[in-house]
There are 2 protein chains.
Amino acid sequence: MTALHTPFALKLGAFVALSDMELNLLNQLHNRRRTFPARRDMIYEGQVERSAYILASGWVCSYKLLPGGTRQIVDFQIPGDFLGLRSVLFRTADHNIEPITRVKASEVHVQDLLETFNSAPRLAAAVLWAASRDEAMVVEHLVDIGRRDAKQRMAHFLLELGARLKLVGLASNDGYSCPLTQYLLADALGLSAVHVNRVLRELREDGFVTFQLGRVIFDDFDGLVAFCEFDRNYLDHDGPLMK
Amino acid sequence: MTALHTPFALKLGAFVALSDMELNLLNQLHNRRRTFPARRDMIYEGQVERSAYILASGWVCSYKLLPGGTRQIVDFQIPGDFLGLRSVLFRTADHNIEPITRVKASEVHVQDLLETFNSAPRLAAAVLWAASRDEAMVVEHLVDIGRRDAKQRMAHFLLELGARLKLVGLASNDGYSCPLTQYLLADALGLSAVHVNRVLRELREDGFVTFQLGRVIFDDFDGLVAFCEFDRNYLDHDGPLMK
DNA sequence: CGAAGACGCTGATCTGTGTCAGTCAATCCT
DNA sequence: AGGATTGACTGACACAGATCAGCGTCTTCG
């Protein structure tokens with residue numbers, strides 16, 4: 001992958017055809033590179049220092065802790081995604097962000113972002129688009145947890161993740177590699193780890209998907225889509241107004 | 001309530017002290033008044049015409065339909081809230097909006113909004129703040145449905161609603177009037193209507209809240225807060241950056 | 001007026017998922 | 001090398017909440 005096609009550029013490029021000039025501007029956002037080890041929170045609830053990042057490689061999750069000690073993972077972020085965009089708006093972050101793997105990310109100052117938007121307004125639209133997509137995904141998770149049973153929920157989740165990864169060149173319709181443990185899946189889907197295991201086995205025995213050894217393999221992609229009523233267009237909208 | 005203190009102005013005023021000039025600008029947004037009857041969708045999934053509204057009176061809900069015929073209510077909107085702000089960004093709306101009662105709302109054109117922001121940048125920050133709060137609420141609902149049992153979920157929901165209504169002068173710590181049916185509560189909380197009924201009875205018998213005849217009455221506000229571990233600050237943040 | 005819907009409410013029964021308790025293999029640490 | 005930790009996996013059992021079936025009261029409307 002050349003410098004001109006970071007995951008971030010790939011993602012935005014899916015909605016706005018990017019000129020060379022715009023691509024260059026995007027790449028200039030990537031100068032403040034930082035690395036984070038797995039499992040140590042990058043941003044935690046109540047933190048005052050506000051920083052946003054663009055994920056270059058690795059996976060992270062954002063979650064909220066409950067007094068009881070359990071947690072709810074709100075979403076996973078994959079390369080190309082923004083981290084902590086909202087914590088820039090509020091004085092303090094309202095949720096935690098934890099790397100699942102070792103992570104490389106570019107720190108982004110609000111200032112730089114605004115300057116970039118100034119030089120290339122179409123990029124502002126693209127970023128806004130991406131932010132709205134993330135919000136739509138949270139809504140879809142709400143529907144997932146509220147109204148689908150465990151098996152459909154898992155199926156829907158694996159397909160959604162696939163669609164997102166495909167956008168940044170990390171998945172195909174065959175499958176993708178995935179560092180999530182069954183405990184992480186449980187915290188994200190509102191299930192117990194034990195039940196996650198059972199559901200994955202059932203989906204495997206049904207011949208739909210196999211999730212083993214860090215790889216998700218779609219054995220019957222169309223069947224899976226039908227089974228959980230996945231809406232194929234839900235993540236590739238028509239793009240922003242200013243296309 | 002004078003024209004200078006619409007619910008919308010009250011809400012924004014809670015985060016930015018508004019000058020008379022800013023109040024006037026806000027009120028000018030309210031000229032295109034429209035009325036909607038209950039139960040007929042104002043905005044539906046896939047609709048192309050993009051319009052945003054500010055709710056002046058009445059209640060609405062935004063929801064997503066599932067192929068099976070069930071639905072998940074994502075959130076309720078009360079006076080002072082924005083409707084369909086996101087549907088302005090996308091070519092088509094990605095969810096439905098249905099009035100629960102008869103509703104009065106002011107149609108807002110993107111153009112007017114931008115001009116207002118131009119004259120009073122602090123209002124832009126306030127609106128952004130409000131939008132972020134709405135997003136934070138969806139996240140909280142996710143936590144609700146994913147990790148709290150039915151009773152705590154209901155308790156948390158009733159308290160959250162109370163906090164929002166208080167902000168626009170429609171509730172006190174004693175209670176508020178509330179047009180939601182048990183079916184609506186069920187669709188919002190991911191429960192069956194039957195179970196909603198049982199949970200409400202239990203909360204009443206515990207001496208926490210009474211929800212009857214269209215009124216929510218907090219019999220033991222502090223007890224209820226403790227019971228569902230409601231975070232008193234979660235909705236009154238520190239305000240936006242540009243305070 | 002009477003009929004038809006809403007809506008609140010309840011008991012009986014069924015079921016999806018959680019909880020508990022444990023095994024096994026792989027990896028990391030000292 | 002031995003011990004600790006982590007993650008996948010399983011069976012037995014318990015329970016929260018769904019589903020089914022039904023009653024009663026209001027409101028709406030032809």
Side-chain angles (χ1 to χ4, degrees), chain A residues 37-40 59 61 66 68-72 98-102 144-155 157 177-206 209-217 228, chain B residues 37-40 59 61 66 68-72 98-102 144-155 157 177-206 209-217 228:
Chain A
R39 274 152 210 278
R40 180 118 94 281
W59 293 44
C61 67
L66 280 101
T70 59
R71 67 172 177 177
Q72 174 68 42
E98 177 190 310
I100 292 165
T101 63
R102 216 172 104 90
D144 238 13
I145 295 188
R147 291 294 160 193
R148 281 189 254 261
D149 69 16
K151 210 165 155 187
Q152 288 187 47
R153 207 183 297 175
M154 177 67 76
F157 173 81
S177 68
C178 174
L180 303 179
T181 67
Q182 297 185 346
Y183 291 87
L184 287 168
L185 289 171
D187 283 345
L189 298 176
L191 298 170
S192 68
V194 174
H195 205 58
V196 164
N197 185 284
R198 284 196 272 256
V199 166
L200 284 176
R201 171 158 51 81
E202 284 175 40
L203 286 172
R204 191 183 334 125
E205 286 169 358
D206 291 347
V209 247
T210 307
F211 185 174
Q212 270 174 339
L213 304 168
R215 273 203 73 80
V216 173
I217 295 160
C228 68
Chain B
R39 274 154 210 277
R40 181 119 94 281
W59 293 43
C61 67
L66 280 100
T70 59
R71 67 172 177 176
Q72 175 67 41
E98 178 190 309
I100 291 165
T101 64
R102 216 172 104 90
D144 237 14
I145 296 187
R147 291 293 161 194
R148 280 189 253 261
D149 68 17
K151 211 165 155 186
Q152 288 188 45
R153 206 183 298 176
M154 177 67 76
F157 173 81
S177 69
C178 173
L180 303 179
T181 68
Q182 298 185 345
Y183 292 86
L184 287 168
L185 290 172
D187 283 345
L189 299 177
L191 298 169
S192 68
V194 174
H195 205 58
V196 164
N197 184 283
R198 283 195 264 261
V199 166
L200 283 176
R201 173 158 50 82
E202 284 176 40
L203 286 171
R204 191 182 336 127
E205 287 169 358
D206 290 347
V209 248
T210 307
F211 185 173
Q212 268 173 340
L213 304 167
R215 273 202 74 81
V216 173
I217 295 161
C228 69

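Quick note: numbers below take in every heavy atom, side chains included, and nothing from hydrogens, waters or symmetry partners. Each chain gets a letter, A, B and so on, in the order the sequences are listed, and its residues count up from 1.
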side-chain contact (heavy atoms from CB on, under 4.5 Å) assessment of B:Phe157 paired with B:Leu180 | CA-CA 12 Å; B:Phe157 173 81; B:Leu180 303 179; 4.1 Å; yes
Earliest and latest nucleotide of DNA chain D, 5' to 3', sitting under 4.0 Å from a non-hydrogen atom of chain B?
-> D:dG17 to D:dC20
Given side-chain contact (heavy atoms from CB on, under 4.5 Å), test A:Leu184 with A:Thr181 step by step and report yes or no.
-> CA-CA 5 Å; A:Leu184 287 168; A:Thr181 67; 3.6 Å; yes
Grab the CE-P distance between A:Met154 and C:dG16 for me, whole Å please.
-> 17 Å
Tell me: CG of A:Leu191 to P of C:dG16, nearest whole Å?
-> 14 Å
Euclidean distance, atom CZ of residue B:Arg39 to atom C1' of C:dG5 [Å, nearest integer] | 11 Å
Walk me through it: do B:Arg71 and B:Glu98 pass the test side-chain contact (heavy atoms from CB on, under 4.5 Å)?
-> CA-CA 12 Å; B:Arg71 67 172 177 176; B:Glu98 178 190 309; 3.4 Å; yes
N/O contacts under 3.5 Å, protein versus nucleotides 8-15 of chain C?
residue	atom	partner	partner atom	Å
C:dG8	OP2	B:Gln182	N	2.9
C:dC9	OP2	B:Gln182	NE2	2.8
C:dC9	OP2	B:Asn197	ND2	3.4
C:dC9	O5'	B:Asn197	ND2	3.3
C:dT10	OP2	B:Arg201	NE	2.7

Would you give the length of the straight line joining atom CG of B:Leu191 to atom NZ of B:Lys151, rounded to the nearest 0.5 angstrom?
-> 13.5 Å
When we call it a touch if two heavy atoms are under 4.0 Å apart, what does A:Gly190 touch: a base, just sugar-phosphate, or nothing?
-> sugar-phosphate
Is a donor on one side and an acceptor on the other found under 3.5 Å between the side chain of B:Ser177 and the backbone of B:Gly214?
-> no
List the steps and the verdict of side-chain contact (heavy atoms from CB on, under 4.5 Å) for B:Arg153 and B:Val199.
-> CA-CA 10 Å; B:Arg153 206 183 298 176; B:Val199 166; over 6 Å; no
Heavy-atom neighbours of A:Arg215 CZ exceed 12 at 6.0 Å = yes
Please answer whether the main-chain N or O of B:Ala188 pairs with a side-chain N or O of B:Gln72 as donor and acceptor at a distance below 3.5 Å.
-> yes
Provide, to the nearest angstrom, the distance between the CZ atom belonging to A:Arg147 and the P atom belonging to C:dG16.
-> 16 Å
